[in-house]
S.K.: 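Take this structure, written in structure tokens, and hold onto it; I'll ask about it next.
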Amino acid sequence: MKKIEAIIRPSALQRLLEAIKIVGYSGITVMEVQGHGKQRGITESYRGQKIESLLSKILIYVVVRDKDVSKIIKAICQAIRTGEIGDGKIFVSPVVTAVRVRTGEKGEKALL
Amino acid sequence: MKKIEAIIRPSALQRLLEAIKIVGYSGITVMEVQGHGKQRGITESYRGQKIESLLSKILIYVVVRDKDVSKIIKAICQAIRTGEIGDGKIFVSPVVTAVRVRTGEKGEKALL
Amino acid sequence: MKKIEAIIRPSALQRLLEAIKIVGYSGITVMEVQGHGKQRGITESYRGQKIESLLSKILIYVVVRDKDVSKIIKAICQAIRTGEIGDGKIFVSPVVTAVRVRTGEKGEKALL
Amino acid sequence: MKFFNSKSNYLKWIWNISYSVIGLLILLPNTSFAQTTSGASSTISSGDTAWVLVSAALVMLMTPALGLFYGGMVRQKNVLSTILQSFFLLAAISVQWVIIGYSLAFSPGNDFIGGLSWAFLRGAGVPNPSAPTIPGLAFVMFQCMFAAITPALISGSFAERIQFKGFVFFSLLWTTLVYDPICHWVWGGGIFEKMGALDFAGGTVVHMSSGFSALVLALLLGSRIGYGKNPMIPHDLTLVLTGASLLWFGWFGFNAGSALGANALAANAFMTTNTAAAVAALTWCCLEALHKDKASSLGAASGAVAGLVAITPACGYVDIVGAILIGIVASLVCYNAILLKLRFKYDDSLDAFGIHGIGGTWGALATGLFATQWVNSHGNNGLFYGNPHQFLVQLKTVAATALYATVMTLILFWIVDKTVGMRVSAKEEEIGLDLSQHGEEAYRY
Amino acid sequence: MKFFNSKSNYLKWIWNISYSVIGLLILLPNTSFAQTTSGASSTISSGDTAWVLVSAALVMLMTPALGLFYGGMVRQKNVLSTILQSFFLLAAISVQWVIIGYSLAFSPGNDFIGGLSWAFLRGAGVPNPSAPTIPGLAFVMFQCMFAAITPALISGSFAERIQFKGFVFFSLLWTTLVYDPICHWVWGGGIFEKMGALDFAGGTVVHMSSGFSALVLALLLGSRIGYGKNPMIPHDLTLVLTGASLLWFGWFGFNAGSALGANALAANAFMTTNTAAAVAALTWCCLEALHKDKASSLGAASGAVAGLVAITPACGYVDIVGAILIGIVASLVCYNAILLKLRFKYDDSLDAFGIHGIGGTWGALATGLFATQWVNSHGNNGLFYGNPHQFLVQLKTVAATALYATVMTLILFWIVDKTVGMRVSAKEEEIGLDLSQHGEEAYRY
Amino acid sequence: MKFFNSKSNYLKWIWNISYSVIGLLILLPNTSFAQTTSGASSTISSGDTAWVLVSAALVMLMTPALGLFYGGMVRQKNVLSTILQSFFLLAAISVQWVIIGYSLAFSPGNDFIGGLSWAFLRGAGVPNPSAPTIPGLAFVMFQCMFAAITPALISGSFAERIQFKGFVFFSLLWTTLVYDPICHWVWGGGIFEKMGALDFAGGTVVHMSSGFSALVLALLLGSRIGYGKNPMIPHDLTLVLTGASLLWFGWFGFNAGSALGANALAANAFMTTNTAAAVAALTWCCLEALHKDKASSLGAASGAVAGLVAITPACGYVDIVGAILIGIVASLVCYNAILLKLRFKYDDSLDAFGIHGIGGTWGALATGLFATQWVNSHGNNGLFYGNPHQFLVQLKTVAATALYATVMTLILFWIVDKTVGMRVSAKEEEIGLDLSQHGEEAYRY
Ligand SMILES: Nc1ncnc2c1ncn2[C@@H]1O[C@H](COP(=O)(O)OP(=O)(O)O)[C@@H](O)[C@H]1O
Ligand SMILES: Nc1ncnc2c1ncn2[C@@H]1O[C@H](COP(=O)(O)OP(=O)(O)O)[C@@H](O)[C@H]1O
Ligand SMILES: Nc1ncnc2c1ncn2[C@@H]1O[C@H](COP(=O)(O)OP(=O)(O)O)[C@@H](O)[C@H]1O
């Protein structure tokens, strides 16, 4: 199993959710984060105090079977790519096991 | 070391915190997320615009020694299982090392 | 590639961001979390109902090349250590791959 | 899921309302306002009118302010439903009042209830006898705002677990069958007025009636799921403080406006209101500092509201010393009433009983202690000014109000619960009322 | 990036403003206030003055309240820009009004526009003939607040995609060339007044003018990026409810204050205003319950505002029956107007047209239906009281207002778009107006 | 931890307060209100009374509004403590005022301070000579609200690092020993009044006194930990805008209410207040646009408040031209004062000195420039109207106020710091005052 984390523009969330649903995963977790990559923030100013803002991003996170990883990545890229800086990043990391609390099922069965 | 992530109902947070404390871990991180699994959201409607809501969930995250993983999972399941859809998921993933910033201690010593 | 997660005091965020920038990473993700470690919360009370508060923390997360891991850890510790309880923790975990959505680049190229 | 299948109930409800509205419209001659602008306008004081109109606006603001005050105290998933309970009642009772409520409360009737002769504000073009210097409609609207806020006060007790439909039906019935009659007893020429009871701005009729009904509802509905185990903690205290501040602001209209003119009595009510609120806020903070070593913002706000509640019946009858003592004791009794709740484990979610029931009772009794004709020659002296009789009268009204509100709420709860339903399902409660009852979420990134 | 290079535009703007202000200051003799405090003070009624001053303050509060109402409905990244649009206009129009707007609207002129003779409030030391019992400046300030809120209403249609500079220029031009003339037509002795049109508190001049201009702007600016695909959902409904509540509160000043005195007419306007708002809120909730099985808090707030809009022109001419019917129909038409938007896919972001354009039109027409001299002997009867002529007059004013507002907005949009620019770039829109236009973020941990 | 061990301090405090209250209660005869409602009621104007009562309510609202304005500007962990500082003072000073403050400020005394003869409002049943047309208690309460907001203004300078206990003690002492005397100098028949100083609504007594004390406190308390390194940025600008809007709204009561009647002078003050606020908001936005290419919402709000501060002493003496110029210069000086802070690196957290100290000084001086008897025949002409003497008088009062406030604050800080303690520990500051001082958190999911 792998955990796929995508850090994206807030406005791309809907398209991403649909893309993932189509691949067949209903379990999805979303969180509000801030960040910057190549795309830098804008200078903010409050009564003379200046700071560089971080940008609001959405982190969407889905744990999938190993064999679905590349399918999901492709689906995500297609759904949200605009070609502009700020499109986002995807990180894939290993997951040892998963548990469905309700039933106690373990492993890939717990995912779907 | 393993990282245990549990995505649960907000109302189960207290019971979970206590369960983990009993196993002997004081270090815990909690974040507010949204998601859906088998349990789907509800249709929201705003002046005619409709969307399907995500549900508010809590992601609780604790890094533990390898040998404590199954103890923790068991404790979590016991504490928060209701048998209803929406009980949540647990994901376990590997952690290479941990550092306590205050002292610079590394590895399992840094956990407790 | 490794994912470095640091859970720190909110007031240390600026120093941390600068430290990471100096090591050469512009891609950074920040999220607001709550937690406790050795440092416990304070008792809150609302019309007689008491709870122990969790403390507000910042989780900062950066994915780096394997060879930069120890540099980054050192930089973080230097930047934010006060020697007091509550300085925070760093966790390092493996990342299988990274993708830049804009270009489709994979692996370490996608990081910088 | 159950809450997706209730269309038929709504339909029935809409039908019933439309039916009665249209029916009444046909029955009514359109002459309801004959000569509003002329009439005995020579006796109208523009200063008094300005003050009462402003006061009506201030009291109107209190109902949504209460929504914010309560809304900040619930969990995030229920904030809209809580604010909406107040906001919706402002709308619903405003309509009920002009159609039938005003008539039931103020038109000539027997000792217990008015008649229907002033329905649809017929005859409200001339000044009400109890406010001869202002236009009749100014009095109607001032009183309307009292009727709107009273059932909204109750909503503190059943927050986070009531069905919206059940809430609407219950509140409309309650206002018609509990508030309107008690209002008639106190201010509409009814039994309390005849007994010589003193209630300047609504200790019994507003706060006790709602407070005791709130207790009954909390008991009948049962506790929220997880009550006592999971913390149920205010989700936004800045909202609570904003609401409390606007309540304090609006309460000047409530209390000083009840002088029904811009005069020395209004100024006295203004002063006692502000003083009691301030003293009670300080007292509550002191109690907290003693008990748990820290004064809190929720405490300061709670104290202020407790003081405002307690001074309400007394504000036009007592002087500064009375106001100070009423304020101190208000916080003492309400603070402890709230702790009692924790002991007896009933779930009066936002302490509607602890503050309005207890505070209102104390205020009504205190009026019988501290009232003095030095302040208001149309009032009476209280026990401490040599007139124990007044205290007895107050005692009787307190008992009657508590009893009537309790019994009626039992009956109305039973009726609504059997027909429309009162409590949401466990799943709806878990999801939160905002989503399950209204299909909305309050906050979004 | 483009928005970093606009310094020169700002400089020009500041220069222009400073230039004209200083120029006018030099021209003006400093005697503009000769004997404010003496004069014909014998006819001044302190009660009426108190009421109108309070009303002016209440109406002032409506503009920021509108900002909150609208601000809660946009996405988080645009909340400050939305609130600021209202707040800034309060400042900008307050200055425009005392310098030139009041004169254009109210000073003697022709049928279409006033003159410049009352610029800088010259002569405002004596009571305005239409309000003989209050000081001239009280009338000026009361009217000032109307001028400030009207362009702010428009901002609901172009929220989330307009340049701040373009917005400022457009709004100042619009107020001077659209609001001020129409105000003159209706209340300043102009053509509508001569035709005998009835508009008690601004159905045409405030709501229709802004509503139709809003529609034009929404069409000309185009939809927000992603409109129809991504949900564009209120980010904080507690803010929306707070704003709506304060609007309702302030509207008593708007409508009942328009009686320009504390009298029975003001009380009538107060009652009809509250009743229509309440009825409309209930109606909207019922429609929602029918359509989607759940009444929502956004719906209740929208309904209340729709009712307040519709009763505005009628409040001092109709009785309770008129108010109830106006409220019911207001929600019916506005609710459906908003659904139309979804069908025709234009992006009136916050339904400025759907509520103010449609609601204002209905209100202006309804005044011609339900007005009755029983309520206001200085008014006239409407169609249902045997005077079809009045309805025709109202129809004409409605048509003229819609036409004039539409055409002028087309022209002004074109001018401002070509010079300063109206729409932000796609990147600025994505980032949000708070950051891109104001260099700020609303919320922070 | 230190903050868990302060029970004894609280106990002492409660004891002291109770002791004095009870002591005074025993000493006082209960006849304090002899014949409130009768007396010379023939001279009371209901219109003036209505206006002053409403104004008192409006000014009351300003104190919590200030709390929201300030509360939005601090970091999330300190928002409750900041709002509570204002809310608590509303309560604490309301009590101080009716017990002793009113007497110290207004009862007959010497040139520097009143006596104790009006303690517990004894004799307030008859109109105050300076407001003969309204009930005495209306004047008392109107003034009460001024006393409450003044120390709250200071709280902008020490936000995010002061102990609650220290804050409470300091504020009570400051009000009694700084505000009450200066109030006596200006309005209570004291030295400023005898010198012929003009201060219509409190430029010296409210804004300068608090502003200079704020500066002293900021310097003595030292900067917040991390000041200049970590950004300390408003956590919720919608709260700031809400607070600023309510302040603007309430300021009509503050300034126009200071006419103590509903008349042309009140209307003039209303107009100048609104105009100066509007002009200053625009000016601030222009300055920002010049400096950093973007006008901001925090800037607009700050400008409006600066304008309101500056017009306060002048509003009843100047005409529209004066108001415009005062507004422009207010933003110019306050904007730059705030930048100075960044240069000199003292930590006036929310610019209480930069806005109230500097703005108040400019307003007091400007009154000596622009005052004209055309506007207020009971006033005087200023320098620009041929009377340089008035400017000199204003200069003297400005100097005296700044000096007295500075010296007294130094002394009081020293006393409170040595006894109760003023600054929180570094750990408490890191955790935030909400948790460490009040055991609460503002927001929760
Ligand atoms: N190495 C990284 N580690 C953690 N988060 C990252 C990293 N790189 C990018 N991010 C996150 O991804 C978001 C989107 O990155 P983006 O600016 O679109 O990348 P790019 O410009 O390289 O395509 C950033 O705002 C940041 O939150
Ligand atoms: N495969 C997954 N990847 C990421 N998050 C998931 C996944 N499955 C479930 N979740 C998260 O766990 C939460 C709880 O899931 P739940 O509905 O209780 O699962 P189930 O119904 O299968 O027991 C979801 O709201 C979602 O946030
Ligand atoms: N084992 C762990 N698993 C997850 N999060 C942890 C763990 N230990 C600590 N944390 C997080 O790190 C934060 C900082 O810990 P801290 O109290 O500074 O640790 P210490 O006192 O051991 O130096 C905590 O608030 C918590 O959110």
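Below, read A as the first sequence line, B as the second, and so on, with proteins coming before strands; counting in each chain starts at 1.
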S.K.: Assess the residue pair C:V95 and A:V92 against the criterion (side-chain contact (heavy atoms from CB on, under 4.5 Å)); give the C-alpha distance rounded to whole Å, side-chain angles, the decisive distance to 0.1 Å, and a yes or no.
M.R.: CA-CA 6 Å; C:V95 167; A:V92 181; 5.7 Å; no

S.K.: Contact part of C:K2 toward chain A, heavy-atom cut-off under 4.5 Å: side chain, backbone, both or neither?
M.R.: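 Contact with chain A involves no heavy atom of C:K2 at all.
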
S.K.: Taking every non-hydrogen pair under 4.5 Å, which of A:I7, A:I80, A:I8, A:I76 racks up the most with chain C?
M.R.: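 Highest number of heavy-atom pairs under 4.5 Å: A:I7.
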
S.K.: Tell me which of these, C:L17, C:L59, C:T29, has more heavy-atom pairs under 4.5 Å with chain A than the rest.
M.R.: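 The answer is C:T29.
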
S.K.: Would you mind checking which part of A:K57 comes under 4.5 Å of any heavy atom in chain C, side chain (CB onward), backbone (N, CA, C, O), both or neither?
M.R.: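 Contact with chain C involves no heavy atom of A:K57 at all.
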
S.K.: Identify which of A:G35, A:C77, A:G88 forms the greatest number of heavy-atom pairs closer than 4.5 Å to chain C.
M.R.: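 Option with the top pair count is A:G88.
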
S.K.: Given 3.5 Å as the limit, does a donor-acceptor pair link the side chain of A:H36 with the main chain of C:S26, or not?
M.R.: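 Checking the backbone N and O of C:S26 against the side chain of A:H36, a donor-acceptor pair under 3.5 Å is found.
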
S.K.: Output the distance between atom OG (A:S70) and atom NZ (C:K106), rounded to the nearest 0.5 Å.
M.R.: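 Atom-to-atom, A:S70:OG and C:K106:NZ are 7.5 Å apart.
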
S.K.: Does C:P94 reach the side chain of A:S93, with side-chain heavy atoms less than 4.5 Å apart?
M.R.: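 C:P94 vs A:S93: side chains apart.
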
S.K.: Between C:M31 and A:M31, is the side-chain contact (heavy atoms from CB on, under 4.5 Å) condition met? List the steps.
M.R.: CA-CA 9 Å; C:M31 57 189 101; A:M31 56 189 102; 3.5 Å; yes

S.K.: Does the side chain of C:R102 reach to within under 4.5 Å of the side chain of A:E84, using non-hydrogen atoms?
M.R.: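 When only atoms from C-beta onward are counted, A:E84 and C:R102 do not touch, as no gap falls below 4.5 Å.
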
S.K.: Just by distance, do the side chain of A:K89 and the backbone of C:V99 share a donor-acceptor pair under 3.5 Å?
M.R.: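 It does not hold such a pair.
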
S.K.: When you measure from the side chain of A:R81 to the backbone of C:V101, do you find a donor-acceptor pair of N or O atoms at a distance under 3.5 Å?
M.R.: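 A pair under 3.5 Å: yes.
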
S.K.: Is A:K74 in contact with chain C via its backbone, its side chain, both, or neither, using a 4.5 Å heavy-atom distance?
M.R.: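 The answer is neither part of A:K74.
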
S.K.: If you round to the nearest 0.5 Å, how far is CD1 of C:I28 from CG of A:L54?
M.R.: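 Answer rounded to 0.5 Å: 8.0 Å.
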
S.K.: Just how far is it from atom NZ of C:K3 to atom CD of A:E5, taken to the nearest 0.5 Å?
M.R.: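 Answer rounded to 0.5 Å: 3.5 Å.
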
S.K.: Is C:Y25 in contact with chain A via its backbone, its side chain, both, or neither, using a 4.5 Å heavy-atom distance?
M.R.: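 When you check distances to chain A, no heavy atom of C:Y25 falls under 4.5 Å.
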
